[in-house]
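So the structure is just underneath, and the comments pick up after that.
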Amino acid sequence: MTALADTWGINAAQFWLRGQRPDREVGYDDATGMWEVHGYPEILRALSDPATFSSNTQRLVPEASGFSEGNLTQLDPPDHQKLRKLVSHAFTPKVVADLEPRIAVELMGQMQDRAELVADLAYPLPVIVIAELLGVPAGDRDKFKRWVDGMFNSTNKISIKDRSPEDEAYFASAMEQVGELANYLTEHVRERRAKPREDLLSKLVEAEVDGVRLTDAEITNFGMVLLVAGHITTTMLLGNTLLCLDAHPDQFAVVRADRSRVPAAIEESLRFLSPFAAVSRVTTEETELGGVRIPADQMLLLWIAAANRDPRQFADPNAFDVTRDPNPQLGFGRGIHFCLGAPLARLEGKVALNLLLDRFPQLRTDPDDAPEFLPSPNMTGVRRLPLLL
Ligand code: HEM
């Protein structure tokens, strides 16, 4: 496994992908001013206690707080339940299931003998799906790519103290990208208020729970969460799953021989290479986690990707095993913030993988052209994956 993470050029900060465990499951990182949590039971506890481990991290990073209204990921109870209930009305299983034929059509693209999985499929597919769902033109996807790439381009760890001029410049440019995306979405929201259509933005404009409706800012920010959370992660999931299968031919053979194992292969890929490597929380009071005292108002990075390799939870955690059962992987988080898009991501993964295997039975990675991973330590996913078809 060590060899694989090195061959793939994965950011060295993700030491768990090299089969290593941290010295301690919970520890303070003096360099970033944050607490780092790597263990499965410790992370599970933090995710199940939102009163102590708040999601409202923007109060420690006030520069980002302009986009907190309607940002589900930043809300705590009781506001979180209210908004989640409202948006769940618009984001139903039927809305997701209805996208299946659309996903299949996208896959009939122009892949011939060679392909670069990310550019040809794994990137455009989720963007087209999420754009279709929201109701914004998929043709604007080059703009989304520019804005979103600008948000995740740094190879550095995020720090809440002593930001270098380089970090400041990166942060400012990331916020500029967020601002452009927000302006773009707000225009669409205003259009839907004036003239509703059959799309998620219109449903959000019309959604009402207990007489309460969403404001323009809430819809814009929620749309932004969907667009950002809903596409690069799924791009990574598709690329990572193929890469894992290709690197483990015995496992690939199991899946090829029995397609009912595709969903399990996707779950195992989420565990083995978790796209969203870390989620953050802030302590609201002094507390204890994994035997360590943590004061109030501290920022925590919960490395779900590392918890997914915790030997206390997973037997032989560094083995990629599509028959792992049960597989309580934390790739979509856990608790009240459990990924709203998980059914969509699982559906996209399943449809895409099945169609690829149907259409290209000889599919394998190009031995002469290595995959590339995203540089951010907070993400685990390919951004380039050359294939021979
Ligand atoms: C939340 C991962 C796809 C929308 C989350 C969280 C994780 C996650 C770890 C929890 C964040 C936290 O606890 O702070 C992923 C991964 C995906 C994926 C790995 C793909 C493989 C999607 C898609 C959408 C989506 C396709 C929407 C179209 C959301 C939303 C939340 C969320 C709205 C916030 C839920 C809440 O705070 O209540 N996701 N996600 N995600 N995800 Fe996903």
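Nothing here was measured: the structure is a model prediction, and the numbers come from that model. One-based numbering, in listed order, for ligands and for the atoms of each.
A cation-pi arrangement is not found for R21 relative to F15, the charged atom failing to lie both closer than 6.0 Å to the ring centre and inside a 45° cone about the ring normal.
Aromatic ring centroids of H188 and Y184 lie under 6.0 Å apart.
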Please tabulate protein-ligand N/O pairs under 3.5 Å for ligand 1, atom names and distances to 0.1 Å.
| unit_1 | atom_1 | unit_2 | atom_2 | d |
| --- | --- | --- | --- | --- |
| ligand 1 | 13 (O) | R281 | NH2 | 2.7 |
| ligand 1 | 14 (O) | R281 | NH1 | 2.8 |
| ligand 1 | 14 (O) | R281 | NH2 | 3.4 |
| ligand 1 | 37 (O) | L72 | O | 3.4 |
| ligand 1 | 37 (O) | H337 | ND1 | 2.6 |
| ligand 1 | 38 (O) | H80 | NE2 | 2.7 |
| ligand 1 | 38 (O) | R84 | NH1 | 2.8 |

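Note on F332 and I336: separate hydrophobic clusters, where clusters join Ile, Leu, Val, Met, Phe, Trp and Tyr whose side-chain heavy atoms are under 4.5 Å apart, directly or indirectly. Side-chain heavy atoms closer than 4.5 Å link hydrophobic residues (I, L, V, M, F, W, Y) into clusters, and following such links, possibly through other members, connects W16 to L4.
The side-chain contact (heavy atoms from CB on, under 4.5 Å) check on A131 picks up V136, A138, F144, with sequence neighbours excluded.
The pair E116-R384 fails the salt-bridge criterion, with no side-chain N (NZ, NE, NH1 or NH2) lying under 4.0 Å from an Asp/Glu carboxylate O.
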